[in-house]
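Quick notes on the structure that follows.
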Amino acid sequence: MSARNIARFWEWGRKIICVGRNYADHAIELKNAIPTEPVLFLKPPSAYIREGSPILVPFYSSNLHHEVELGVVIGKGGTAIPQSSAMDHVAGYVLCLDMTARDIQEECKSKGLPWTLAKAFNTSCPISEFIPKEKIPNPESVNLWLKVNDNMRQNGSTSQMIFSIPFLINYISQIISLEEGDLILTGTPKGVSSVQEHDELQAGIDDIVTMTFKVDRKS
């Protein structure tokens with residue numbers, strides 16, 4: 001561990017690695033096949049925002065979706081990390097939203113293009129405060145929920161994940177070395193839907209943490 005403050009990882013962490021379609025019901029709701037190995041994509045650290053800053057609808061999108069996720073904060077880096085010791089590399093967790101320009105993603109998928117424009121734009125990764133590891137002793141048995149304007153949209157358990165956190169750490173680190181301060185987004189349960197300018201999003205992990213964000217459009 002370095003002297004850097006892991007509780008403020010978003011200020012210096014170098015990458016955000018996201019796992020797509022890690023909940024079968026979500027894959028099905030978007031008419032995707034259930035994956036046999038993890039689907040990975042990246043967000044830059046410039047995607048991070050914290051409470052008090054708005055989620056901005058990209059100027060090129062008219063269908064912005066919310067996806068609530070459990071984020072895993074890496075505290076100790078490594079390459080080809082064994083599943084058996086993977087959790088030793090975890091410093092803690094964070095509640096995340098993977099904001100997705102769904103219309104652009106569908107267009108990219110139809111053309112066989114990467115999802116960068118749909119996933120990596122500024123404000124596409126709202127996060128909560130850092131949650132120390134000991135506050136979530138079993139990260140694969142917590143409930144994620146999200147409300148839009150006080151209406152429940154997503155409510156699912158991390159027990160529904162297809163690929164476990166140790167599996168993901170092992171799989172990712174064989175391809176992309178993990179570093180202290182990196183964040184892994186572990187996928188979203190079903191219930192994703194569109195948000196509009198002025199909507200209020202509230203999300204939580206059980207009663208451990210909650211966060212609230214407003215949606216705006218860059219003028």
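The residues of the chain are indexed from 1 along the displayed sequence.
Side-chain atoms of Asn22 and Thr186 include no donor-acceptor pair closer than 3.5 Å.
The local environment of NZ in Lys214 is sparse, with at most 12 non-hydrogen atoms from other residues, nucleotides or ligands closer than 6.0 Å. More than 12 heavy-atom neighbours from other residues, nucleotides or ligands sit within 6.0 angstrom of NZ on Lys133.
Here the side chains of Thr188 and Leu146 are not in contact, with every heavy-atom distance at 4.5 Å or above. Between Asn5 and Phe130 there is no side-chain heavy-atom pair separated by less than 4.5 Å.
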**Study point:** Trace of the ring-ring contact (aromatic ring centres under 6.0 Å, His included) decision for Tyr48 with Phe9
**Key:** CA-CA 10 Å; Tyr48 284 131; Phe9 68 92; 5.8 Å; yes
Practice item. Could you walk me through whether Ile176 and Asp182 pass the side-chain contact (heavy atoms from CB on, under 4.5 Å) test, one step at a time? Key: CA-CA 11 Å; Ile176 305 168; Asp182 285 350; over 6 Å; no
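Summarising the geometry, atom OG belonging to Ser128 is positioned 8.0 Å from atom CD belonging to Glu51; distances are rounded to the nearest 0.5 Å. Arg153 CZ to Ser193 OG: the interatomic distance, rounded to the nearest 0.5 Å, is 3.5 Å. To the nearest 0.5 angstrom, Thr116 atom OG1 is 11.0 Å from Gln105 atom CD.
Shown here are the side chain to side chain donor-acceptor pair (under 3.5 Å) partners of Lys135, two or more places apart in sequence or in another chain: there are none. Residues satisfying the side chain to side chain contact (heavy atoms under 4.5 Å, CB included) test with Ser53, not counting sequence neighbours, are Ile49. In this structure, the side chain to side chain contact (heavy atoms under 4.5 Å, CB included) partners of Val195, at least two apart in sequence or on a different chain, are Leu64, His66, Met99, Val148, Asp199, Leu201, Val215.
Between Phe121 and Tyr60, the two ring planes are perpendicular [angle over 60°; tilted spans 30° to 60°].
The existence of a salt bridge linking Glu179 and Arg14 is confirmed by a sub-4.0 Å separation between a basic side-chain nitrogen and an acidic carboxylate oxygen. Salt bridge annotation for Glu11-Arg50: absent, with no cationic side-chain nitrogen under 4.0 angstrom from a carboxylate oxygen.
Heavy atoms only, all atoms of each residue included: Leu144 and Pro189 are closest at CD1-CD, 4.2 Å. For Lys109 against Trp115, the heavy-atom pair with the smallest separation is CG-NE1, 3.5 Å. Contact record, Glu140 with Pro166: OE2-CD, 3.4 Å, taken as the closest heavy-atom pair. Nearest heavy atom pair, residue Asp103 against residue Ser62, reads OD2-N, 2.8 Å.
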